[in-house]
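For reference, the structure is listed below as C-alpha cells.
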Amino acid sequence: MKNLFLILTVSFSSVACSQQQEGNKSSFSPSDKIKKSESEWKAQLTDDEYSVLRKNGTERAFTSDLLNNKKEGLYICKACSLPLFNSDTKFKSGTGWPSFYESINKINVVEKDDQSYGMVRTEVLCARCNGHLGHLFTDGPNPTGLRYCINGVSLKFQEKE
Ligand SMILES: [Zn+2]
C-alpha cells in the first residue's frame, strides 16, 4: 500500500512538472490575440514605436540601443510582451538593425508575404498583437541561413536573471 502511494505521488509530480514546462515555452494560443483600436495603440506606444509596429515603418539604421546588445536574455514584443527571439540567435549582420538567425518559435513569430514597394519580401510579425517587427531574408548565417532583420524599436529586452 505504501508503494502504491509512492507511485501515485511520483506520477502526479511528473504531470505537474510537464505543465510547468508547457508554461515556460512562452507560446500562446490564437484565442490570446490582442486587438486594440488605433487610438489605444497610439496612447500606449511612442510615435516611433507606433509607426513601426502599427504602420509597418522602418527605423533608421544604426539607431537602436539593442543593435550592439550582447547580453543574455529574451527579446519580447514592445507592444504585448510576447517572447520573440532568444539572445543566442542574435548575430552582427552589419545592416544597422538587430538581426537574428532564428525566431523563438513558429507560433509566436508569424511570417507573411509582403509585396509592398514593388519588392517581394517576407514580413515578420508578432502573432499576438499583429505588430510589424521587420523582414526575413535568406542570406543569414548557419545553422539556418536566415536573417530576421528586426526594428529594435519593436522589441524590448529582458535580461536573463
Ligand atoms: Zn506583440
Side-chain angles (χ1 to χ4, degrees), residues 19-93 95-117 119-141 143-161:
Q19 279 171 345
Q20 179 75 34
Q21 282 172 353
E22 202 65 40
N24 284 344
K25 268 194 218 156
S26 314
S27 60
F28 79 111
S29 73
S31 60
D32 294 333
K33 271 193 180 292
I34 293 178
K35 279 220 155 92
K36 291 188 183 183
S37 68
E38 292 304 297
S39 56
E40 282 175 304
W41 284 125
K42 267 189 183 155
Q44 182 191 329
L45 303 168
T46 66
D47 289 352
D48 287 347
E49 290 164 7
Y50 180 82
S51 89
V52 171
L53 281 158
R54 308 312 311 174
K55 295 288 166 200
N56 298 9
T58 300
E59 73 190 8
R60 280 193 301 126
F62 299 101
T63 56
S64 173
D65 292 345
L66 297 174
L67 188 59
N68 296 315
N69 182 29
K70 293 187 173 67
K71 290 176 184 161
E72 247 185 278
L74 272 183
Y75 291 86
I76 66 177
C77 176
K78 181 66 93 31
C80 78
S81 299
L82 187 69
L84 303 171
F85 298 96
N86 250 314
S87 60
D88 55 8
T89 64
K90 191 172 187 283
F91 70 97
K92 195 176 162 101
S93 65
T95 58
W97 291 280
S99 302
F100 304 84
Y101 64 74
E102 193 170 44
S103 61
I104 206 160
N105 62 45
K106 296 280 171 206
I107 300 166
N108 293 20
V109 179
V110 172
E111 295 162 16
K112 192 176 121 186
D113 285 343
D114 174 12
Q115 301 193 11
S116 62
Y117 302 104
M119 291 180 273
V120 180
R121 295 182 293 177
T122 304
E123 184 188 1
V124 183
L125 302 113
C126 169
R128 184 154 66 188
C129 70
N130 220 34
H132 173 79
L133 305 172
H135 286 94
L136 172 60
F137 301 93
T138 53
D139 57 2
T144 61
L146 299 174
R147 173 168 62 91
Y148 289 81
C149 184
I150 305 299
N151 293 282
V153 82
S154 63
L155 299 173
K156 197 157 60 182
F157 181 66
Q158 212 170 55
E159 193 169 355
K160 194 176 171 185
E161 285 167 25

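Atoms within a ligand are numbered from 1 in the order they appear, just like the ligands themselves. Numbers for residues simply follow the sequence, beginning at 1. Excluded from the calculations below are hydrogen atoms, water molecules and symmetry mates; all remaining heavy atoms, backbone and side chain alike, are included.
Under the salt bridge (Lys or Arg N to Asp or Glu O under 4.0 Å) criterion, Arg147 pairs with Asp139, sequence neighbours left out. Applying the side chain to side chain contact (heavy atoms under 4.5 Å, CB included) test to Glu159 and every residue at least two apart in sequence or in another chain returns Lys71, Phe157.
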Atom pairs and distances, donor-acceptor, side-chain atoms in residues 79-93, under 3.5 Å, two or more places apart:
| from | atom 1 | to | atom 2 | distance (Å) |
| --- | --- | --- | --- | --- |
| Ser87 | OG | Gly73 | N | 2.8 |
| Ser87 | OG | Gly73 | O | 3.2 |
| Thr89 | OG1 | Asn86 | O | 2.9 |
| Thr89 | OG1 | Glu102 | O | 3.2 |
| Lys90 | NZ | Leu66 | O | 3.0 |
| Lys90 | NZ | Leu67 | O | 2.8 |
| Lys90 | NZ | Asn69 | O | 3.3 |
| Ser93 | OG | Thr95 | N | 3.3 |
| Ser93 | OG | Thr95 | OG1 | 2.8 |
| Ser93 | OG | Ser99 | OG | 2.8 |

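Under the 30°/60° scheme for interplanar angles, the aromatic rings of His135 and His132 are found to stand perpendicular.
Excluding water, every protein N/O/S atom under 2.8 Å from the Zn ion (ligand 1) is given here by residue and atom: Cys77 SG, Cys80 SG, Cys126 SG, Cys129 SG.
Side-chain contact, Asp48 with Thr46: no donor N or O sits under 3.5 Å from an acceptor N or O.
Note on Glu40 versus Lys35: no salt bridge recorded, every NZ/NE/NH1/NH2 to OD/OE distance being 4.0 Å or above.
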